[in-house]
Amino acid sequence: MKKILKPEIITVLAGLGLAVYLLFSSPFVGVADNGDYLRMMNTIGLNYYNAAESYADRFFSFSHSRFAYDHLFKGFYPSSQIFLVLLPRLIGGLFHGSYFDIRLLAAVYVFLLLAATWLLVRTNAHGSYVTGLLLGGSLLFVFYDIGYLAYFNSLFGEPVSMVFMLLTFALGLRLTGQERPTVKGLILFFISVLFLTSSKIQNAPIGIAFALIFLRFAALKGQGSWRKVSLWFSAAIFLISVLLYATAPKDLKHINLYQTVFFGILNQSPDVRGDLKQLGLPERLEVLAGTNFFQQDTVIKQNDPSLQPDFYARVSHKDVLFFYIKNPDRLIHNMKYAAANGMSIRPYYLGNYEIGEGNPKGALSYTYSTWSQFKNKHIPHSLGFLSVFYLLYFTGILFQYFRSKNIRERVAGELLMLVGLIGIFSFLVPILGDGRADIGKHLFMFNVSFDMMVVVMFGWLVHKLVGLRSR
């Protein structure tokens with residue numbers, strides 16, 4: 001009975017109950033397709049179940065629980081999500097050959113989320129039953145919110161980023177909490193980092209930061225060939241990150257570049273021609289200012305052959321970066337726009353229910369949505385608030401960091417600092433890499449990082465209060 005009543009077990013059982021209720025009971029709750037599904041569907045051999053459904057029913061308004069089987073690798077989208085989707089897709093084909101039920105994939109995500117939850121509570125309770133329960137409760141309150149879990153019943157890449165972000169830091173903190181960490185634990189940490197880094201192309205640069213963490217891990221006194229393996233993993237994740245970005249599909253790079261320039265820099269620009277001149281682009285492209293890649297009524301079509309020599313061959317994301325360095329006021333302007341749209345965990349324009357449930361188009365589920373609704377409605381959507389929040393977080397982490405003389409505690413502090421740094425990176429990347437296009441959804445990883453910081457601060461406060469009471 002004592003084993004069952006441990007905080008990590010209670011939390012996991014409660015989390016399992018929430019997940020089953022929210023994802024596997026009736027009515028079905030998922031996230032409607034905005035067109036992104038096709039990248040993964042073409043890779044892992046799925047298609048739309050109802051070939052005759054209208055565009056309005058297929059996209060944006062209604063979620064889908066069933067998908068038809070199709071040929072594998074009709075296309076290829078490089079992502080670690082392939083491995084997670086392919087397993088349930090193959091199993092589903094063996095036991096239910098008429099269609100693929102997306103809830104098989106959700107079960108995989110739920111398992112990984114429960115594993116991360118168990119590790120986080122077990123590792124960070126610090127021997128306190130109260131701390132463990134409150135930490136577990138905060139994880140359930142934040143990361144089991146329907147805003148996050150609804151993604152599990154979808155083919156979006158967001159749940160891969162979320163579960164492996166939590167699992168990576170759970171495994172990392174577990175290693176720093178051991179006097180003699182094992183190579184086996186380090187291998188699991190590397191695998192988790194690899195899945196996180198390669199889940200989406202925009203996450204690839206995160207691997208470079210983790211390469212530095214592996215170098216810091218090499219300084220710990222681990223078992224066996226710990227130092228050697230740490231150094232190998234550092235080099236490996238660095239190279240993989242570079243390769244992931246370098247080998248990104250050309251079409252995807254073109255889409256992102258178009259969005260960054262025309263729907264980002266030139267969107268509401270006070271001097272469109274001046275900006276084009278700074279970027280080394282011809283003035284005739286000013287007619288595309290404020291347009292996005294998927295818009296149908298542009299003066300110059302996005303696939304017009306003239307755009308290759310006049311745009312795609314002339315500009316890169318490096319030019320975008322230098323533009324913002326030279327014009328910091330423009331970067332701050334877009335950062336304010338991102339902050340105004342940055343507190344939404346879920347995309348409110350994508351419906352949650354299937355068409356047969358009798359709900360209106362685009363209807364959303366608000367069951368167990370307290371945290372996501374609180375963030376969306378009550379937390380200030382401003383750059384000033386985010387600046388103060390990050391200042392408080394890093395001040396607290398650095399205060400503990402410089403008080404720590406133990407290298408394991410310092411590396412743990414560096415991991416927690418990395419949570420915040422990933423948040424900053426995930427806040428800037430959509431601006432530099434995709435302009436204002438669907439920016440709320442593209443700030444998903446920023447939201448995950450922000451919410452992890454909230455839980456870290458809450459956990460630290462609980463730990464200190466429990467420590468004061470026990471004196």
Side-chain angles (χ1 to χ4, degrees), residues 8 112 115-128 131-132 135 139 163-198 203-242 393-425 449 452-453 455-457 459-460 463-464 467:
E8 61 269 28
L112 292 169
T117 303
W118 184 84
L119 278 171
L120 285 168
V121 176
R122 182 178 177 83
T123 302
N124 299 286
H126 303 292
S128 167
T131 301
L135 176 60
L139 289 169
V163 295
F164 279 102
M165 180 76 168
L166 291 170
L167 196 55
T168 292
F169 284 94
L171 290 166
L173 292 172
R174 180 172 177 265
L175 289 173
T176 61
Q178 298 172 335
E179 288 190 17
R180 296 290 302 277
T182 65
V183 172
K184 181 181 177 181
L186 188 65
I187 292 171
L188 290 174
F189 178 68
F190 174 77
I191 293 172
S192 188
V193 170
L194 182 60
F195 268 84
L196 171 61
T197 302
S198 58
N203 290 351
I206 293 175
I208 296 173
F210 278 106
L212 299 176
I213 289 294
F214 277 109
L215 288 179
R216 291 291 290 149
F217 273 6
L220 301 178
K221 295 180 180 179
Q223 298 179 22
S225 53
W226 170 271
R227 176 178 169 78
K228 182 179 179 180
V229 175
S230 296
L231 295 175
W232 273 108
F233 282 162
S234 176
I237 199 64
F238 179 85
L239 290 174
I240 290 169
S241 298
V242 173
Y393 180 81
F394 277 102
T395 299
I397 298 294
L398 289 171
F399 175 75
Q400 290 293 121
Y401 182 82
F402 288 114
R403 289 184 64 188
S404 303
K405 296 180 180 179
N406 186 314
I407 188 171
R408 291 188 293 110
E409 292 180 357
R410 288 209 161 192
V411 175
E414 289 162 12
L415 275 171
L416 294 178
M417 281 187 265
L418 183 55
V419 174
L421 291 174
I422 289 175
I424 294 172
F425 168 82
S449 299
M452 288 178 69
M453 293 164 70
V455 172
V456 168
M457 294 168 78
W460 178 83
H463 174 63
K464 291 298 179 183

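Bear in mind the structure is a predicted one, so any value in this text is a computation, not a measurement. For the single chain, residues carry numbers from 1 onward in sequence order.
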*Does any pair with a residue in residues 186-195 pass salt bridge (Lys or Arg N to Asp or Glu O under 4.0 Å), and if so which ones, sequence neighbours excluded?*
none

*asked:* According to side chain to side chain contact (heavy atoms under 4.5 Å, CB included), who are the partners of W460, at least two apart in sequence or on a separate chain?
replied: Q400, K464

*Taking only residues two or more places apart in sequence, or in another chain, which ones meet S192 in a side-chain hydrogen bond (donor to acceptor under 3.5 Å, both in side chains)?*
T168

_With A115 via side chain to side chain contact (heavy atoms under 4.5 Å, CB included) - residues at least two apart_ = L167

_pair I240-T197: side-chain heavy atoms closer than 4.5 Å_ = no

*Identify which one of F233, F169, F164 satisfies the ring pair (Phe, Tyr, Trp, His ring centres under 6.0 Å) criterion when paired with F210.*
F169

*Quick one: are I422 and M452 in side-chain contact, heavy atoms under 4.5 Å?*
no

_Ignoring hydrogens, what is the shortest heavy-atom contact between M417 and Y401? Give both atom names and the distance._
CE-CD1, 3.8 Å

Using residues 214-223 as the side-chain source, report each donor-acceptor pair under 3.5 Å to any protein atom, sequence neighbours left out, with the distance given to one decimal.
from: R216; atom 1: NE; to: E414; atom 2: OE1; distance (Å): 2.8
from: R216; atom 1: NE; to: E414; atom 2: OE2; distance (Å): 3.1
from: R216; atom 1: NH2; to: E414; atom 2: OE2; distance (Å): 3.0
from: Q223; atom 1: NE2; to: R180; atom 2: O; distance (Å): 3.0

*Heavy-atom closest contact (A211 atom, S234 atom, distance)*: O-OG, 2.7 Å

_S230: which residues meet the side-chain hydrogen bond (donor to acceptor under 3.5 Å, both in side chains) condition with it, sequence neighbours left out?_
none

*Pairs in or reaching into residues 397-409: which pass salt bridge (Lys or Arg N to Asp or Glu O under 4.0 Å), with residues at least two apart or in two chains?*
none

*Locate the shortest heavy-atom distance separating N203 from L196; write the atom from each residue and the value.*
ND2-O, 3.4 Å

*L188: partners by side chain to side chain contact (heavy atoms under 4.5 Å, CB included), with sequence neighbours left out*: L171

*For N124, what residues pass the side-chain hydrogen bond (donor to acceptor under 3.5 Å, both in side chains) criterion, not counting sequence neighbours?*
none

*How long is the gap from OG on S198 to CD1 on I206, to the nearest 0.5 Å?*
11.0 Å

*In Å, rounded to the nearest 0.5 Å, how long is the span from CZ of F394 to CD1 of I424?*
4.5 Å

*Looking at side-chain heavy atoms only, is the closest gap between S449 and M165 below 4.5 Å?*
yes

*Shortest non-hydrogen separation from G207 to S241 and the atoms involved*: CA-OG, 3.1 Å

*Does the side chain of W226 reach to within under 4.5 Å of the side chain of L175, using non-hydrogen atoms?*
yes

*May I ask you to check whether over 12 heavy atoms, not counting those of F425, lie within 6.0 Å of atom CZ?*
yes

*Search all heavy atoms of A412 against all heavy atoms of T176 and return the closest pair with its distance.*
CB-OG1, 3.5 Å

*Please identify each residue that fulfils side chain to side chain contact (heavy atoms under 4.5 Å, CB included) with Y393, with sequence neighbours left out.*
I397, L416, V419, M453, V456, M457

*asked:* For a quick test of reading the model, state the closest non-hydrogen atom pair linking A125 to G132 and the distance between them.
replied: CB-CA, 3.7 Å

*Which residues pass the side-chain hydrogen bond (donor to acceptor under 3.5 Å, both in side chains) test with R122, sequence neighbours left out?*
E8

*Give every residue pair that meets the side chain to side chain donor-acceptor pair (under 3.5 Å) criterion with at least one member in residues 181-191, sequence neighbours excluded.*
none

*Any chance you could measure L119, atom CG, to L173, atom CG, to the nearest 0.5 Å?*
10.0 Å

